[in-house]
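Presented below is the structure to which this report refers.
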Amino acid sequence: HHDWLRLPEPSYEIDPTRERLVSMRRVPDWFTAHAQEALHRSAPYRWARHGIRGIRLPTVRIGGRRYTSEEAIAWWTAALTATGQEAGNV
C-alpha cells in the first residue's frame with residue numbers, strides 16, 4: 001500500500017456566517033426532504049468521519065454541536081460524482 005501515491009483529498013471549508021447550516025442530527029430529515037430517500041441517522045456522521053471514496057462531508061463545530069451546510073452537501077455530492085466519473089463508475 002503506497003500512501004504517498006494517494007491524491008490529496010479535495011477540501012471545502014464551511015463559512016458559518018454565510019452558509020445555511022444543518023445540524024448533523026437533522027441531516028437525515030434534510031436528505032429525506034430533498035432526495036425523497038430515507039437515510040439512517042448514523043450515515044452523516046460516517047460520511048463526515050470516514051467519507052466515501054476518500055471524500056469526507058465537511059462539518060464545523062459550533063457551541064459543542066456539529067453542523068454541515070446545504071452548500072457543503074452540494075459540494076460533497078458534486079465531488080463524489082466527479083470521482084465516480086473519473087473511476088468510470090457513473
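Here the shortest heavy-atom pairing between L57 and P44 reads CD2-O, 4.1 Å. Nearest heavy atom pair, residue E71 against residue Y12, reads CB-OH, 3.3 Å. M24 and A48 get closest at one heavy-atom pair: CE-CB, 3.9 Å. Contact detail for I14 and P58: the closest heavy-atom pair is CD1-O, 3.5 Å. The heavy-atom pair separating A79 from I55 by the smallest distance is O-CD1, 3.7 Å. Closest heavy-atom contact between P16 and I62: CB-CD1, 3.8 Å.
T59 places no side-chain N or O within donor-acceptor distance of the main-chain N or O of Y67, the cut-off being under 3.5 Å. Listed for the R53 side chain is a donor-acceptor partner under 3.5 Å among the backbone atoms of L80.
Within the 4.5 Å cutoff, side-chain heavy atoms of W76 are placed close to those of I52. Looking at heavy atoms from C-beta onward, T68 lies out of side-chain contact with W75 at the 4.5 angstrom threshold. Between V60 and S69 the shortest side-chain heavy-atom distance does not fall below 4.5 Å. Residues Y45 and H50 form no side-chain contact, since every pair of their non-hydrogen atoms from C-beta on lies 4.5 Å or further apart.
Atom NE2 of residue H34 and atom CG of residue L39 lie 13.5 Å apart, to the nearest 0.5 angstrom.
Atom CZ of R41 sits in a sparse spot, with 12 or fewer heavy atoms from other residues, nucleotides or ligands closer than 6.0 Å. Atom CZ of R61 has more than 12 neighbouring heavy atoms from other residues, nucleotides or ligands inside a 6.0 Å radius.
Evaluation of the side chain to side chain contact (heavy atoms under 4.5 Å, CB included) rule for S42 yields H40, R46 as partners, not counting sequence neighbours.
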Derivation and outcome, side-chain contact (heavy atoms from CB on, under 4.5 Å), residues D29 and V22: CA-CA 10 Å; D29 297 333; V22 180; over 6 Å; no
